[in-house]
2 protein chains.
Amino acid sequence: MKKTVGVSPKVNSDLTAKARIRNAAFALYANYGEDATSMRAIAEAAGVTVGLVVHHFRTKDGLREAIEQHIVDLFFGAIEQVPLEGTTAEIAAARDEAVADMLSDNPAVVGYLRRALLDPMGHRGRILEMLTDLAAKQVATLRNVGVASKAHRDSSQVIGVMIRQLGQLFLQPMVDSMWNQLAGPNAAEDDKPLLVVKVQES
Amino acid sequence: MKKTVGVSPKVNSDLTAKARIRNAAFALYANYGEDATSMRAIAEAAGVTVGLVVHHFRTKDGLREAIEQHIVDLFFGAIEQVPLEGTTAEIAAARDEAVADMLSDNPAVVGYLRRALLDPMGHRGRILEMLTDLAAKQVATLRNVGVASKAHRDSSQVIGVMIRQLGQLFLQPMVDSMWNQLAGPNAAEDDKPLLVVKVQES
DNA sequence: TATTCTGCTATACGATCGTATAGTATTGAT
DNA sequence: ATCAATACTATACGATCGTATAGCAGAATA
């Protein structure tokens, strides 16, 4: 089985049916949630039948595992491609930017994670743990290469990285909804208030 | 395995069956989401049969409407009880505190709103619109009584109020999960980083 | 060419869902 | 005491869910 780690921006028609199914499910999960998405809806969106979904992914749990592994691969691929040169701060900034680019290229990632991470009881996957591990390894790598900032403890730094990158994206839909309701749909977009999310040492 | 979520039976015992059903559904929705909560689970949690749930609320939509009206009533009741005396800033601060107290007394409100507000596509209710209206009226009242701050436009101020009060509560579970994973379950609790959520004029 | 394997469709099964309906018990007004 | 409305239970129906199974077409292997 070949594994595509790098992101190939190919259109759906060039993909295998298995990848098309995963992508269809990914998009539906991000928009409507796993519970509200039936296997039949996934099959229809991918242009196949229900049986083929089961054939490739066994169960709905297996489908979610494939999606979450795909998300981890996207994060890893984004981080991996920035070279380890420059100061620690420069590397960290370059990684932040690479992840931000990946997120804006893959809005389904944000939608999926928003549901998964903010629904601690309902979500049955392990995506938060996997991404936290990845971020922890990212911080550890920086520490090995140069001198990581000692101003923050490692844990705080990992949490800070993830919250800064995801928190604003998670809350933005709420701001957008309220802005539309209060200011009307055709108000000047650049009057919209800016969301700021950060963590502080206690 | 029977797990009671949220409401203590002591409180429940002297309520009408209709209120018990609403409270049971409210707690279950907050913890597991509406889609993952069946009418039969609600009935069992309330100690009645499915038929009675339908008798009192007609449909599942009707049940959600009752819950969301209850939430609006809780917000209104919290705001209503602070007297209109002192400076505008003092009134606003007292209202913020009253709402914060209400939220800590009713954790199901936070859980329910977190699901509803962060799921703009999936949610079928109107709770965000209702609460935004309420907050807008709150700002308007302050403007009538005294002199509301002109430093921010009304819309920004409304959004600021709601984001400050809810944003931190929404993201906190994510911080908690990561903190537990990284620092271990028995780490010093006061080392945990603090979440800061705010909005800025653009 | 014969056989096996893989990608894929079609259909069906049991569980669970929201809801409708019919009937019983309890209350409240006259 | 009567009677109607309300509170509540029991059961059933149709739809939809995840998944199991059987079979077919075409490529691969020998």
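Chain A is the first sequence line, chain B the second, and so forth, proteins listed ahead of strands; every chain is numbered from 1.
As rounded to whole Å, 9 Å separates atom P of dG18(D) from atom CG of Asp35(A). Rounded to whole Å, the distance from CZ on Arg124(B) to P on dG18(C) is 11 Å. In this structure, Lys60(A) atom NZ and dG18(D) atom P are separated by 4 Å, rounded to whole Å. One interatomic measurement links the two molecules: CG of Leu52(A) to P of dG18(D), which rounds to 16 Å at whole-angstrom precision. In this structure, Asp61(B) atom CG and dC17(C) atom P are separated by 17 Å, rounded to whole Å. Arg20(B) has its CZ atom 12 Å from the C1' atom of dA7(D), to the nearest Å. Between Lys18(A) atom NZ and dG7(C) atom P there is a gap of 8 Å when expressed in whole angstrom units. For the pair Met39(A) CE and dT9(C) P, the computed distance is 15 Å after rounding to whole Å.
Looking at Gln69(A) and Glu65(A), their side chains never bring a donor and an acceptor atom within 3.5 Å of each other.
Between Tyr29(A) and Tyr112(A), the two ring planes are parallel [angle under 30°; tilted spans 30° to 60°].
Taking side-chain N and O atoms only, His56(A) has a distance below 4.0 Å to OP1 or OP2 of dC8(C). For the pair Ser38(A) and dC17(D), the criterion of a side-chain N or O lying under 4.0 Å from OP1 or OP2 is met. Taking 4.0 angstrom as the limit, His55(B) places none of its side-chain polar atoms (N or O) nearer than this to OP1 or OP2 of dC8(D).
In this structure, the side chains of Arg64(A) and Phe57(A) stay at 4.5 Å or more apart for every pair of heavy atoms.
The residue Arg58(A) sits apart from the nucleic acid: no heavy atom pair falls under 4.0 Å.
Nearest heavy-atom pair, Ile127(A) versus His123(A), reported as atom, atom and distance to 0.1 Å: CG2-NE2, 3.8 Å.
Each of Gly51(B) and Ala17(A) lies near DNA chain C, and the nucleotide nearest Ala17(A) is the one positioned closer to the 5' end.
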